[in-house]
Trainee: 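Below is one structure. I have some questions about it.
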Amino acid sequence: MWIYLKPALLGLITLFAALAANFARDLSYQVHAIIILAVAGALFVWSVRRIDEPAPVPDQTAYMDDVIRAGVIATAFWGAVGFLAGTWIAFQLAFPQLNFEFLQGIGNFGRLRPLHTSAVIFAFGGNALICTSFYIVQRTSAARLWGGNLAWFVFWGYQLFIVLAATGYLLGGTQSKEYAEPEWYVDLWLTLVWVAYLAVFLGTLIKRKEPHIYVANWFLLSFIVTVAMLHVVNNLSIPVSIWGSKSVQVFAGVQDAMTQWWYGHNAVGFFLTAGFLGMMYYFVPKQAERPVYSYKLSIIHFWALIFLYIWAGPHHLHYTALPDWASTLGMVFSVILWMPSWGGMINGLMTLSGAWDKLRTDPVIRMMVVSIGFYGMSTFEGPMMSIRAVNSLSHYTDWTIGHVHSGALGWNGMITFGCLYFLVPRLWNRERLYSLSLVNWHFWLATIGIVLYAASMWVTGIMEGLMWREVDAQGFLVNSFADTVAAKFPMYVVRALGGVLFLAGALIMCYNLWMTVKAQPAKAAVMAPAE
């Protein structure tokens, strides 16, 4: 039945996309309609030509690793793209003449900044979470991914979302919500893909052969469910026209701001924290060849983090129209969050008990340990910056930018790099990585790059905040905004150089992983003993 229904459905989508491209009211919508037309049309032709071919029967006793391999490749690719975009816009801030105006402003900072943000968070981080969660849930459940080819729909559907979002930013198709810029139809598509992702993950857990659900799966499942809820509520909108990208938000004013930062902070809390903690709780013990230091602490870490994080968003709205009680609530929960966050950091670090010597000999575990260290530093700095008195100095300054990047590059980036180095030899059945020396180069380039980036932003952010609040004897502001921009120039150059180092490390990693697949010998099969 499905073999005939699928071409019909793809044909209808192709027809609708052709109509949408013809009647489109704005360029972004038209380009997206053409992209969907090309994708759906190609899939229609491909599915029609395969109607009479027998469907391949996968080995149901083997893990579904081909989709994970595709996810690893996508993670490395989008990481390089996102880091390149970030480095370029860092140079644009230092040297404004690099803001090129062509094709309605595609080359300027305003268009490239959301492209960089989403490329790193959702393309690099999202693909890392999807592929590692598929790997973890199969191994800890002793079960093949549920849903057959639904996992492939999740992978390719998510890549389509990335392409639609990125082209929308470049063409000005954005609803201007931080971490939630894509327009209504892209949001609908992502919702469909995410529900399929939840179905695959949850279905695999339900059919597991292991009675126990390992703690990494707790974190991963909470990340998938909570991100779905956040995405749907924050993106509630009414399209102006079915033939255009613009829509009207259901929430308005301070309610919209409150909903946005409930989403925005928990996108950090669940997408960039809970999901990556799931990666930490599986890959760090595996690479260290040691059990988790305290399984009881990991459960306490989970429930405390899940309960507290969801309330922390209002601290983004100190000194705004939001009632003081609401922002105070966010501040209090943010400060309390320091405790479970450091409980998780201690649990991760102490997993190396009895294996600390590996830090000298294994650059992959060194990368993972440094990532946990950055997690600890970020989860101390974040609660501190949420305190109203500190926030009055830090908010809207580059201090916040330094905080975000020390967490994103140090915690999310380094743990992902470690996981990719762990996965590639195993997924492609190679004896070892191509070069541990190149892993060492990557480690030091990335670490120095992060330190240069974060330190320069801490210095310039605090300077910026102090310059903004400096007044003379009559109570007038001493410095204009242009004065602060001029004073920050040296630190902006240092930040850009830090980005160059981090990007160079990522490119070395891509080369190392490529050569691992291409040049390393396959692992010899282990023969069963003769009876």
Side-chain angles (χ1 to χ4, degrees), residues 82-83 86 117 120-121 124-125 128-129 178-179 219 223 261 264-281 283-284 301-302 304-306 308-313 315-316 330-331 333-350 366-387 390-391 393-395 397-419 443 446-462 495 498-499 502:
F83 304 147
T117 304
V120 173
I121 296 175
F124 171 67
L129 287 165
E178 185 73 358
Y179 310 134
F219 280 95
F223 132 73
W261 283 110
H265 192 79
N266 288 299
V268 174
F270 287 86
F271 201 95
L272 296 178
T273 303
F276 284 86
L277 284 170
M279 293 161 61
M280 180 196 81
Y281 272 117
F283 289 106
V284 170
H301 178 206
F302 172 81
L305 197 80
I306 297 311
L308 294 173
Y309 228 122
I310 205 78
W311 300 93
H315 76 233
H316 287 263
M331 177 182 73
F333 274 92
S334 299
V335 172
I336 299 172
L337 259 175
W338 170 69
M339 291 180 283
S341 298
W342 272 37
M345 176 195 67
I346 292 167
N347 211 7
L349 291 177
M350 293 304 291
R366 192 185 308 146
M367 199 167 268
M368 292 178 174
V369 167
V370 164
S371 77
I372 298 170
F374 274 108
Y375 170 66
M377 288 188 287
S378 297
T379 52
F380 171 76
E381 186 182 28
M384 180 185 68
M385 293 173 72
S386 75
I387 298 170
V390 180
N391 195 265
L393 175 67
S394 70
H395 209 42
T397 73
D398 288 328
W399 186 357
T400 304
I401 310 303
H403 164 65
V404 168
H405 282 77
S406 68
L409 302 180
W411 160 235
N412 302 117
M414 295 292 252
I415 192 71
T416 301
F417 297 150
C419 293
F443 171 80
T447 303
I448 296 169
I450 297 166
V451 170
L452 288 176
Y453 192 118
S456 63
M457 290 299 97
W458 288 331
V459 171
T460 193
I462 294 171
R495 187 230 326 241
F502 195 84

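This structure is a prediction, so every number in the text was calculated from the model and none was measured.
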Trainee: Any side-chain heavy-atom pair from Ile415 and Val284 closer than 4.5 angstrom?
Mentor: yes
Trainee: Evaluate the criterion side chain to side chain contact (heavy atoms under 4.5 Å, CB included) for residue pair Asn412 and Phe374; output intermediate values, then yes/no.
Mentor: CA-CA 9 Å; Asn412 302 117; Phe374 274 108; over 6 Å; no
Trainee: Thr273 and Phe223: side chain to side chain contact (heavy atoms under 4.5 Å, CB included), yes or no, with the steps?
Mentor: CA-CA 9 Å; Thr273 303; Phe223 132 73; over 6 Å; no
Trainee: If I take atom OG from residue Ser456 and atom NE2 from residue His405, how far apart are they, to the nearest 0.5 angstrom?
Mentor: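 So the OG of Ser456 and the NE2 of His405 are separated by 10.5 Å.
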Trainee: I want to check something: taking the side chain as every heavy atom from C-beta on, are Thr397 and Ile462 in contact at a cut-off of under 4.5 Å?
Mentor: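 SC-SC contact between Thr397 and Ile462 ruled out.
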Trainee: Roughly how far, to the nearest 0.5 Å, is the CE atom of Met280 from the SG atom of Cys419?
Mentor: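 Going from SG on Cys419 over to CE on Met280, the span is 11.0 Å.
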Trainee: Which residue, His316, His265, Met331, Glu381, forms the side-chain contact (heavy atoms from CB on, under 4.5 Å) with Ser386?
Mentor: Met331
Trainee: Could you walk me through whether Tyr179 and Leu272 pass the side chain to side chain contact (heavy atoms under 4.5 Å, CB included) check?
Mentor: CA-CA 12 Å; Tyr179 310 134; Leu272 296 178; over 6 Å; no
Trainee: Ring-plane angle category for Phe417 and Phe83, please: parallel below 30°, perpendicular beyond 60°, tilted otherwise.
Mentor: perpendicular
Trainee: Measuring from Ser334:OG to Tyr309:OH, what's the distance to the nearest 0.5 Å?
Mentor: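 The distance works out to 8.0 Å.
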Trainee: How close do Gly402 and Trp458 get, counting heavy atoms only, and between which atoms?
Mentor: C-NE1, 4.1 Å
Trainee: If we ignore hydrogens and angles and just use 3.5 Å, is the side chain of Thr379 paired with the main-chain N or O of Gly376 as donor and acceptor?
Mentor: yes
Trainee: If I take atom OG1 from residue Thr400 and atom CE from residue Met385, how far apart are they, to the nearest 0.5 angstrom?
Mentor: 4.0 Å
Trainee: Are any of the side-chain heavy atoms of Phe276 and Thr416 separated by less than 4.5 Å?
Mentor: yes
Trainee: Which heavy atom of Leu452 sits nearest to which heavy atom of Gly498, and what is that distance?
Mentor: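 Closest heavy-atom pair between Leu452 and Gly498: CB-CA, 4.0 Å.
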Trainee: What distance separates Trp311 CH2 from Leu337 CG, expressed to the nearest 0.5 Å?
Mentor: 13.0 Å
Trainee: Side chains of Ile306 and Phe270: does their closest heavy-atom pair fall under 4.5 Å?
Mentor: yes
Trainee: Report yes if the side chains of Met414 and Thr447 come closer than 4.5 Å at any heavy-atom pair, otherwise no.
Mentor: yes
Trainee: ring-ring contact (aromatic ring centres under 6.0 Å, His included) for Phe219 and Tyr281? Distances and angles first, verdict last.
Mentor: CA-CA 9 Å; Phe219 280 95; Tyr281 272 117; 5.4 Å; yes
Trainee: So Glu178 and Trp261, do their side chains get closer than 4.5 Å, heavy atoms only?
Mentor: yes
Trainee: Among Leu277, Leu308, Leu305, which one satisfies side-chain contact (heavy atoms from CB on, under 4.5 Å) with Ser341?
Mentor: Leu305
Trainee: Please tell me if the side chains of Trp411 and Met345 come closer than 4.5 Å, counting only heavy atoms from C-beta onward.
Mentor: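 When only atoms from C-beta onward are counted, Met345 and Trp411 do not touch, as no gap falls below 4.5 Å.
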Trainee: First locate atom CZ of Phe502, then atom CG of Leu409, and finally report the distance between them rounded to the nearest 0.5 Å.
Mentor: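 Output value for this atom pair is 4.5 Å.
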Trainee: If you apply the rule side chain to side chain contact (heavy atoms under 4.5 Å, CB included), what do you find for Phe333 with Ile310, and how did you get there?
Mentor: CA-CA 9 Å; Phe333 274 92; Ile310 205 78; over 6 Å; no
